[in-house]
Each structure stands twice: as C-alpha cells, then as structure tokens.
Amino acid sequence: MRRFLRSTIGKSLLIAWLLWLTGLSGVIDHVYWHNLYKNVRHSAPRSIVLVSLDDLRDLGSGYEAKVLDRLRQMMPREVFFDAKVQPGADKAGDAAFAQSVESYGRDLTFIVRSQQLDDYSPAALRLPPRAITRRAQIAVSAWNGNFLYMVVSAPTSVSIDGRSYPTVSTRLAHLPEVRTGLVYPDFALNPATIRKISANDLLNGAVPASAISGRAVIVTSQGQAPLAGYFGSEMMPTVVHDIAGAEALRKPFSLDLTALPLLVLTMLTLVGASFLRRYRHKLPVYVALAVTVLLVPAAARASGIILAPDAAIVGMIAFAAIRLWQKRTRRIQHTNVSGLPNLLAFSNSDLGVGRDVVVAVIARYEEMLATLPADHHGEYARQIARRIGIGTGAQNIYQGDSGHFGWSEEARPLEVQLDHLEGLRALFAAPLQIGHHTFDTNVHFGLDRNEGLDALTRVNSALASANEALGSGRTIELFEAHRLAEAPWELSLHARIDEGLRNGDIWLAF
C-alpha cells in the first residue's frame, strides 16, 4: 500500500481524495456545471405559468382576491399562491381574499418559502394563518446550496411543527407517491422560457382563457421572493428552482452517486494504462478517459443521476502535473554537458526483444578531458558518440561518467557480434581531432545478452563488463547470466576471509 501511495497514480488519488473530502474540489464542480448549463438548454414546460403580481398598483389582499377569482373563471388545473399572506387594515379585502381561497377548496396551494439557503428552521418557514388558508394545501420551498450560494438540492418534504409538508417541486411534478430523498433541479431548463403573465393584463382581460386553462399557475411576487444561484445563469428567484426541480422529478431517477464512481474509474484506467509500454498506446487511453469524465456526468444527469466530476478531474490534473514534473526532472537529469542522454535514461528505456546491450569505455578518458578546455568536453563526447553511431547504426547513444558510452543493437550470433565489435574498435584507430588537439582513442567493450533481465540490470552488467575489459586489457568482455548468482560471493570474498580468520575457521599450516 505504501508503495502504491508513493507512485504517481497513488499520489494523484491521495490529492483528489483529500481535496474532495475538504470540499476544495467544489470549485471545479461549480465551474463544470455552470459552463455545461450555459450551453445545454431546453425550454420550460408549457404546463406551468407564472402570474406576476409585481405590476399591481397595490399588493393588498383585495387585488389578490380579484386575481384568484379571475383565474378560477379560466379553469386552471391548480393554483399556487406564492406571496406573503398577512391580515391587514383592509378588512373587506381580507374577507374577499378568504372567500376566494375558500372557493378553490383543495385546488389552491400556499407556498411557504424559506428566505435563506439551508435554513429549515420554524422561524424561516412560517405558516400562513389557518383563518386565511382554510382548506387550501401547503407546500414548502427550501433549498440546499453550495459555498457559492448556488442551489444544489432540496428535500422532497419538510417537517414543520411535527407535520410533514411536500415541497413545491414535488407538488408540481404530480408524482403518484411522494419520493423520499432529495430533488436535484434540472438546470438545463432555460429560465427565460418560463411563461409569465402580468396580473394587470389578467385583470384587464388581455389574457385568453386558453393561456390558463388546464395549467398549473403560480401566482408570485418576485419582488418579495429570495434570489439564489442557478447554474448557467445569473441569480434567479427560487420559484425558478421549484419549476426546475419539478422537471427533474419527471426523470427516471433522482440519485446522487457523488464523485467516487468517476474517481475510481479514473484511477483504474490510469493503472491499466501504466501496463502499456509506449506513449502512443497510452495517449488514446488518456484521451478516452478525459472525454468520459467530461461527458458522462452530463449524460447521467439527463436521466436524473448525479455524478460529480470534480474529484476525477483533480485526479487527472494531478496525474498530468506529476508526470510532466517527472519528465522535466528526468530530462534535466538525463542530459550531459554534451547533450547526450546518460546511462540512467538508458536504464529507463524500452530495450525491446532481441536486443544486445553494449557499453564502450574509453581508456584514459578523464586524462584527455584534463588536457582539453572545458568548452571542448562536450564536442569530444559527441565525436565519440558519432563514430559509434556510424559503426553500429544505433540512433541513441547514451553517455556515462568516466568515458562510458552505451547503446543497444540487434542481437546477432555471438561470433558475429564479437567480430562486429572488433570492427568498431578498428574504426577508432583513426585519431580524434578536437580543436588543436589530437587524441588516439583506445576503446573496450562490455556486452550483455541476457534478455530475461530488466533494463537497469542489463546496463549495469554491460558497464561492469566494460570496466573488467579495460582492467584486463581485453577488447570485449561478455557478461553471462551465471555470474549474477556468483556475484554476492565474489563481492564479499575479502570480508568472508577476514571473518574466517577471526573465527579460527581459516588457519595457516606449515
């Protein structure tokens, strides 16, 4: 587990998980949904009509009674009254309003609206006097919001003084039975397409009965309604969220799966991609993952399933950032003064199948560098690499310390390979000309032919063989697999002899 958390994928997962738990990734979630619903829109249902009281000369109960009476004559399916209801000095108006309410019976619903997000307290949800509401029903509008005051969800019912009341969205949706849980508004609903009618036009006879008949009518005073954030738009009266919530409840599901499914999918995909050797094979996987994370939440929400993309996006960004940093660091570490990649880069490369690893060491290399000006050191290494490339056809020559140069080439029969390296040594018989300096170059080779081993082991094996060839004066030294098994004994031979002498296991007999 510790090894996994130290890996690039493990670090990305940890970053995404912590930011999601602390809520900091909510910024990405907000940006995602806000930009999505700026471009994904559909019209509001024609079955819901808003009648605005804002243009009346007086919002007194007498005028409101006239509006309700006029609406009843136009045969709406149901009416929601969304304005403050408080008895005032106009006793006649109050009596007329109460009579109008009574005439509706159960077909009129009073909306009790919280003025703040996340506030379900009795002080925020004050029920209108029963003397006014009579037999009318009560529906509640109260919403949950995020840290940017954007509406996120609402319960399907709210308890006030021990009694459960449905929310406005639930009543508007006319479900066969009230769903328990939360309502997630359909922010794809375009607020500008909600049909609005002026109460003044209604009273003046400018509105045909067909505009009201058979529809759900919400009589509202938007000047008194609280405002809250609506994804894809500016701040909107919460009556808009009620309509969007009703639209969402008509979908097959109303389920929040949080950010975990997409985060798990992202990590599993990255783990699978890590088994691919070449970047050109990984790139389509990365692109497909990014497209999935960006499109699946939008498609799922169209069915009422909420999948938050923020943790997955954070995970992908963290993974990409860590990989880019690693590549940058590797690029810096793997480049010598000559501009050639070093042996560490060789150890991390893909050697492929049927390849030999060869390391050449230049005798007295450091002495030659000591006689050259510092600005000629890179040119000296590049000329050696160029001569090796000409002789072997290798595209990548890797430079190590103390005059070591490594490369891989196609595996040939051993006799052919040895003759090939002898020929390469003959190529170095001609002296190297660096500025005004001329050097004879004596080269020795270490060869590794053990395909079953990892790249790092093979490079180190060839490097050890090259050093042994240099020390013994031989042109080529072949590193064979059985030497790996003997290496621990050979490397600790002196220590074992000293231990034997101390313990009395070794003695000298005359």
Side-chain angles (χ1 to χ4, degrees), residues 279 323-352 355-410 417 420-448 455-471 473-477 479:
Y279 181 74
R323 289 300 302 271
L324 288 174
W325 178 259
Q326 289 173 341
K327 286 185 177 181
R328 178 182 179 275
T329 303
R330 192 176 297 120
R331 190 180 300 115
I332 294 173
Q333 294 176 345
H334 290 191
T335 304
N336 291 281
V337 176
S338 62
L340 297 172
N342 64 20
L343 293 182
L344 181 58
F346 192 17
S347 301
N348 291 326
S349 64
D350 181 14
L351 297 179
R355 307 287 293 181
D356 283 350
V357 174
V358 186
V359 171
V361 57
I362 308 299
R364 304 178 64 187
Y365 181 81
E366 293 178 340
E367 294 181 33
M368 296 178 188
L369 289 184
T371 64
L372 283 173
D375 56 348
H376 281 48
H377 290 183
E379 176 60 25
Y380 182 38
R382 287 191 293 272
Q383 283 204 27
I384 294 174
R386 192 177 302 120
R387 193 165 291 190
I388 292 174
I390 293 172
T392 64
Q395 296 182 350
N396 296 314
I397 308 298
Y398 301 85
Q399 181 190 358
D401 298 328
S402 303
H404 293 89
F405 295 83
W407 68 94
S408 67
E409 56 183 68
E410 180 184 357
Q417 187 69 290
H420 166 67
L421 294 178
E422 288 285 358
L424 182 58
R425 189 187 192 197
L427 190 62
F428 278 90
L432 291 175
Q433 186 71 36
I434 311 297
H436 300 294
H437 300 268
T438 302
F439 297 106
D440 293 326
T441 306
N442 187 15
V443 61
H444 303 265
F445 301 100
L447 176 63
D448 179 274
L456 177 61
T457 302
R458 297 191 65 186
V459 171
N460 287 331
S461 301
L463 186 63
S465 298
N467 290 333
E468 187 172 343
L470 176 63
R474 292 192 294 272
T475 302
I476 305 165
E477 185 70 33
F479 194 95

Tell me, please, which residues at least two apart from Arg364 pass salt bridge (charged side-chain N to carboxylate O under 4.0 Å, His left out). Glu367
Please collect all ring-ring contact (aromatic ring centres under 6.0 Å, His included) contacts where either partner lies in residues 383-406, sequence neighbours excluded, each pair once. Phe346-Tyr398
Go through the structure and list residues passing side-chain hydrogen bond (donor to acceptor under 3.5 Å, both in side chains) with Ser402, not counting sequence neighbours.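 Once residues adjacent in sequence are excluded, the partners of Ser402 under the side-chain hydrogen bond (donor to acceptor under 3.5 Å, both in side chains) criterion are Glu366.
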In chain order, what residues pass the side-chain hydrogen bond (donor to acceptor under 3.5 Å, both in side chains) check against His437, with sequence neighbours excluded?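 Expected list: none.
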Side chain to side chain contact (heavy atoms under 4.5 Å, CB included) partners for Leu456, two or more places apart: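 Testing Leu456 for side chain to side chain contact (heavy atoms under 4.5 Å, CB included), a comparison that skips the adjacent residues, returns Ser347, Asp454, Asn460.
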Shortest non-hydrogen contact from Leu421 toward Ile476: CB-CD1, 3.6 Å
Can you sort out the partners of Ala455 under side chain to side chain contact (heavy atoms under 4.5 Å, CB included), two or more places apart, ordered by chain and number? Leu351
Residues which pass ring pair (Phe, Tyr, Trp, His ring centres under 6.0 Å) with Phe445, listed by chain and number, not counting sequence neighbours: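 None.
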Quick one: closest heavy-atom pair of Gln399 and Ser338, and the distance?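 Looking at all heavy atoms of both residues, the closest pair is OE1-OG, 2.6 Å.
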Who are the salt bridge (charged side-chain N to carboxylate O under 4.0 Å, His left out) partners of Glu379, not counting sequence neighbours? Arg382
Which atoms form the tightest heavy-atom contact between Gly406 and Leu343, and what is the distance?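 Gly406 and Leu343 have their closest heavy atoms at N-CD2, 4.1 Å.
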Could you note down all residue pairs passing ring-ring contact (aromatic ring centres under 6.0 Å, His included) where residues 358-378 supplies at least one of them, sequence neighbours left out? Tyr365-Tyr380
Nearest-0.5 Å distance that lies between atom CZ in Phe428 and atom CD1 in Ile384: 6.5 Å
How about Glu468 and Arg474: do any of their side-chain heavy atoms sit closer than 4.5 Å?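 Yes, at least one pair of side-chain atoms sits under 4.5 Å.
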Is it the case that more than 12 heavy atoms not belonging to Asp401 sit under 6.0 Å from its CG atom?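 No, because the 6.0 Å sphere around CG of Asp401 holds 12 heavy atoms or fewer from other groups.
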So CD of Glu409 and CG of Leu424: to nearest 0.5 Å the spacing works out to 8.0 Å
Tell me every residue that passes side chain to side chain contact (heavy atoms under 4.5 Å, CB included) with Arg323, counting only those two or more places apart in sequence or in another chain.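 By the side chain to side chain contact (heavy atoms under 4.5 Å, CB included) rule, Arg323 matches Thr8, Tyr286, Phe319, Gln326, Lys327.
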Rounded distance [0.5 Å steps], CD in Glu410 versus OG1 in Thr392: 12.0 Å
Please give me the minimum heavy-atom distance between Asp356 and Arg458, naming the atom from each residue.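 Residues Asp356 and Arg458, closest heavy atoms: CA-NH2, 3.8 Å.
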Could you name each residue pair satisfying side chain to side chain donor-acceptor pair (under 3.5 Å) that touches residues 423-436, not counting sequence neighbours? Arg425-Asn442, Arg425-Thr475, Gln433-Thr438
How many angstroms lie between atom CZ of Phe439 and atom OG1 of Thr371, to the nearest 0.5 angstrom? 3.5 Å
Can you find a pair of side-chain heavy atoms, one from Glu477 and one from Asn467, that are under 4.5 Å apart?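 Of all side-chain heavy-atom pairs linking Asn467 with Glu477, none is under 4.5 Å.
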Between atom CG of Leu340 and atom CD1 of Ile397, what is the distance when rounded to the nearest 0.5 Å? 8.5 Å
Restricting to non-hydrogen atoms, name the atom on Asp448 and the atom on Ser461 that form the minimum distance, rounded to 0.1 Å.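 Asp448 and Ser461 have their closest heavy atoms at OD2-CB, 3.3 Å.
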To the nearest 0.5 Å, tell me how far Ile434 CD1 sits from Gln383 CD.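 Reported value, rounded in 0.5 Å steps: 3.5 Å.
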Worked check of side-chain contact (heavy atoms from CB on, under 4.5 Å) between Leu432 and Arg387: CA-CA 10 Å; Leu432 291 175; Arg387 193 165 291 190; 3.2 Å; yes
Contact summary for Ser465 and Gly446, nearest pair of heavy atoms: CB-CA, 3.6 Å
Could you work out, with salt bridge (charged side-chain N to carboxylate O under 4.0 Å, His left out) as the rule, every residue matching Glu422, not counting sequence neighbours? none
